[in-house]
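From a predicted model like this one, the values you see are computed outputs, not experimental measurements. Quick note: residue numbers are just sequence positions, from 1.
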Amino acid sequence: MSWGTELWDQFDSLDKHTQWGIDFLERYAKFVKERIEIEQNYAKQLRNLVKKYCPKRSSKDEEPRFTSCIAFFNILNELNDYAGQREVVAEEMAHRVYGELMRYAHDLKTERKMHLQEGRKAQQYLEMCWKQMDNSKKKFERECREAEKAQQSYERLDNDTNATKADVEKAKQQLNLRTHMADENKNEYAAQLQNFNGEQHKHFYVVIPQIYKQLQEMDERRTVKLSECYRGFADSERKVIPIISKCLEGMILAAKSVDERRDSQMVVDSFKSGFEPPGDCPFEDYSQHIYRTISDGTISASKQESGKMDAKTTVGKAKGKLWLFGKKPKGPALEDFSHLPPEQRRKKLQQRIDELNRELQKESDQKEALNKMKDVYEKNPQMGDPGSLQPKLAETMNNIDRLRMEIHKNEAWLSEVEGKTGGRGDRRHSSDINHLVTQGRESPEGSYTDDANQEVRGPPQQHGHHSEFDDEFEDDDPLPAIGHCKAIYPFDGHNEGTLAMKEGEVLYIIEEDKGDGWTRARRQNGEEGYVPTSYIDVTLEKNSKGS
């Protein structure tokens with residue numbers, strides 16, 4: 001089925017049809033463009049939704065811990081990936097479908113215009129041939145009528161007896177002239193007719209079929225292109241279906257990961273105070289003054305004793321029930337977390353100790369790396385100056401000293417919370433230990449003690465004036481010296497509980513290094529403190545009581 005043979009006389013109809021095809025192509029391209037905008041807006045709205053409900057993680061305390069929260073944030077991450085796949089769909093449609101359609105529509109318009117111009121030229125040429133043939137035909141017809149008139153005039157003069165011979169001869173010549181011209185026009189008309197018939201045959205059987213064939217092929221290619229774009233439109237989304245399925249599977253896995261038991265345990269861990277439940281309330285007998293069976297002096301003495309006992313019990317109970325039913329005391333957060341209940345304080349201190357240990361490990365690694373670099377520079381001076389590393393090495397040593405002091409201080413607080421003697425209680429002399437056990441230790445705020453039933457009497461300690469190391473150094477009997485040491489490097493001793501020393505200074509050793517890098521020393525004036533073991537040259541006495 002060919003347009004050239006079937007639609008040889010439908011040039012205008014084909015002109016309208018091809019224009020409709022291009023308009024339909026552009027209409028579908030507009031549809032794809034609007035679909036792309038919908039996908040882009042959908043992806044944008046999804047991303048805004050995810051951003052709106054994602055946590056603002058300004059601090060570690062605000063990070064989600066409950067499995068239900070973690071699952072929700074995992075779902076938000078999967079939804080964010082899902083939004084990304086919608087953007088991929090939009091990009092694929094824009095590149096593979098819309099962009100291709102717009103380029104093809106432009107090429108199609110150019111090709112259609114060229115074919116129609118060729119068809120119009122062929123029609124104009126055929127019309128020109130027809131006009132030439134028609135003009136020669138009219139001219140031949142006119143010459144025939146003139147020849148017929150000349151024939152009639154000649155016959156009339158030839159039959160007229162009154163006509164002269166000259167008139168007859170003139171009419172005869174005119175007849176011959178008109179007859180000759182008629183014959184020439186006849187031949188011209190025959191030639192033009194033959195030429196027109198040939199051009200007409202060529203037009204309707206060669207030129208027009210070829211042009212219509214090209215138009216038909218162009219329209220069929222347009223249809224094929226639409227079919228390809230329809231498939232591309234669907235494939236753009238079908239390609240991302242596996243990834244979208246993974247996103248949905250991730251959401252399902254997040255939902256399955258919710259553990260109600262674990263969340264309940266986290267609630268316990270988050271809010272457990274560590275206090276013991278309150279004991280039974282004592283019975284207060286107000287009827288003693290009614291039933292007087294003994295003397296007033298005995299009664300008054302009994303009342304006085306009972307009053308003292310009740311007051312003591314009440315104070316102890318009140319101190320033990322802090323924060324039980326009321327609100328927590330308001331105030332600034334303290335360094336040792338003594339404003340928190342025991343269990344929460346223990347957790348905070350343990351977290352801080354872990355962080356300090358990680359920082360100490362980093363500084364130790366940096367120190368080791370600097371020492372190795374210093375050794376390389378000493379062996380190969382051309383690579384660098386060993387003295388240039390000394391400031392950085394000193395700074396690293398100071399950081400290590402500071403971190404170790406912080407760790408010891410927090411370990412002392414942690415030991416206090418856990419009911420132990422203190423951060424370095426095991427290093428004390430036995431008399432010091434007995435002394436501490438006898439006196440007991442208060443919590444930083446006096447809110448609770450190591451012993452839940454112990455009465456808290458003294459005022460709360462202020463951290464600005466006392467510290468754990470002050471408690472350790474306030475001993476009644478000084479520890480005996482077990483040796484002496486000489487300072488190899490100077491030590492500033494800015495941190496709490498340390499002892500400053502100058503290079504070459506000789507100190508007494510009263511407690512060995514227990515493996516933490518610190519040695520307890522004393523000056524001749526009795527001032528004591530801890531110094532870095534790596535900064536001193538130690539000499540111990542073999543017969544010393546301390547050793």
Side-chain angles (χ1 to χ4, degrees), residues 1-3 6-7 10 13-54 71-116 212-257:
M1 183 179 295
S2 175
W3 288 5
E6 303 292 337
L7 304 175
Q10 299 296 323
S13 298
L14 293 179
D15 184 4
K16 294 179 180 179
H17 173 73
T18 52
Q19 182 61 44
W20 172 87
I22 294 176
D23 293 341
F24 181 78
L25 186 72
E26 291 179 340
R27 184 182 179 188
Y28 178 69
K30 185 179 179 181
F31 161 78
V32 175
K33 182 180 179 181
E34 293 182 2
R35 170 66 188 279
I36 292 171
E37 292 175 354
I38 291 174
E39 290 289 347
Q40 291 174 342
N41 293 333
Y42 180 48
K44 183 179 180 180
Q45 291 175 0
L46 286 178
R47 289 194 182 277
N48 290 336
L49 182 65
V50 171
K51 184 177 179 181
K52 178 180 179 181
Y53 284 93
C54 271
F72 175 61
F73 296 137
N74 289 337
I75 288 174
L76 289 179
N77 291 332
E78 296 294 344
L79 187 61
N80 192 54
D81 295 341
Y82 177 84
Q85 296 309 310
R86 304 318 306 181
E87 291 175 348
V88 171
V89 171
E91 292 175 0
E92 186 72 12
M93 286 184 179
H95 174 71
R96 183 177 176 181
V97 181
Y98 179 72
E100 188 68 22
L101 282 175
M102 297 306 295
R103 288 191 295 270
Y104 187 76
H106 179 268
D107 297 340
L108 203 64
K109 290 179 181 178
T110 304
E111 184 180 358
R112 173 181 174 275
K113 183 178 180 181
M114 181 186 66
H115 294 325
L116 292 179
Y212 284 7
K213 180 181 179 182
Q214 293 174 350
L215 286 174
Q216 182 179 0
E217 292 175 353
M218 180 195 72
D219 192 70
E220 289 176 353
R221 288 199 307 273
R222 176 191 63 83
T223 306
V224 172
K225 176 60 70 175
L226 279 174
S227 176
E228 293 176 355
C229 290
Y230 293 161
R231 287 197 300 270
F233 183 82
D235 287 339
S236 299
E237 188 163 0
R238 187 174 64 178
K239 286 181 179 179
V240 301
I241 286 179
I243 304 178
I244 291 177
S245 299
K246 290 183 179 179
C247 293
L248 298 177
E249 290 175 1
M251 294 181 186
I252 294 174
L253 291 176
K256 292 180 179 179
S257 66

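Between Ile22 and the options Arg27, Arg112, His106, a side-chain contact (heavy atoms from CB on, under 4.5 Å) holds for only Arg112. Among the candidates Arg231, Arg238, Lys239, the single residue satisfying the side-chain hydrogen bond (donor to acceptor under 3.5 Å, both in side chains) test with Asp235 is Arg238.
Using cut-offs of 30° and 60° for the angle between ring planes, the Phe31 and Phe233 rings count as tilted.
In the model, Gln19 has a side-chain atom that pairs as donor or acceptor with a side-chain atom of Asp23 under 3.5 Å.
Nearest heavy atoms, Tyr212 versus Leu7: CE2-O, 2.8 Å.
Salt-bridge formation is not detected for the pair Asp81/Lys246: no Lys NZ or Arg NE/NH1/NH2 atom is positioned less than 4.0 Å from an Asp or Glu carboxylate oxygen. Salt bridge annotation for Arg86-Glu237: present, with a cationic side-chain nitrogen under 4.0 angstrom from a carboxylate oxygen. Salt bridge present: Arg35 and Glu39 bring a charged side-chain N and a carboxylate O closer than 4.0 Å.
A 6.0 Å sphere centred on NE2 of His17 holds more than 12 heavy atoms belonging to other residues, nucleotides or ligands. Heavy atoms from other residues, nucleotides or ligands lying under 6.0 Å from NZ of Lys225 number more than 12. By the neighbour-count criterion of 12 heavy atoms within 6.0 Å, atom OH of Tyr230 is densely surrounded, having more than that number from other residues, nucleotides or ligands.
Checking side-chain atoms of Asn48 against main-chain N and O of Lys44 turns up a donor-acceptor pair under 3.5 Å.
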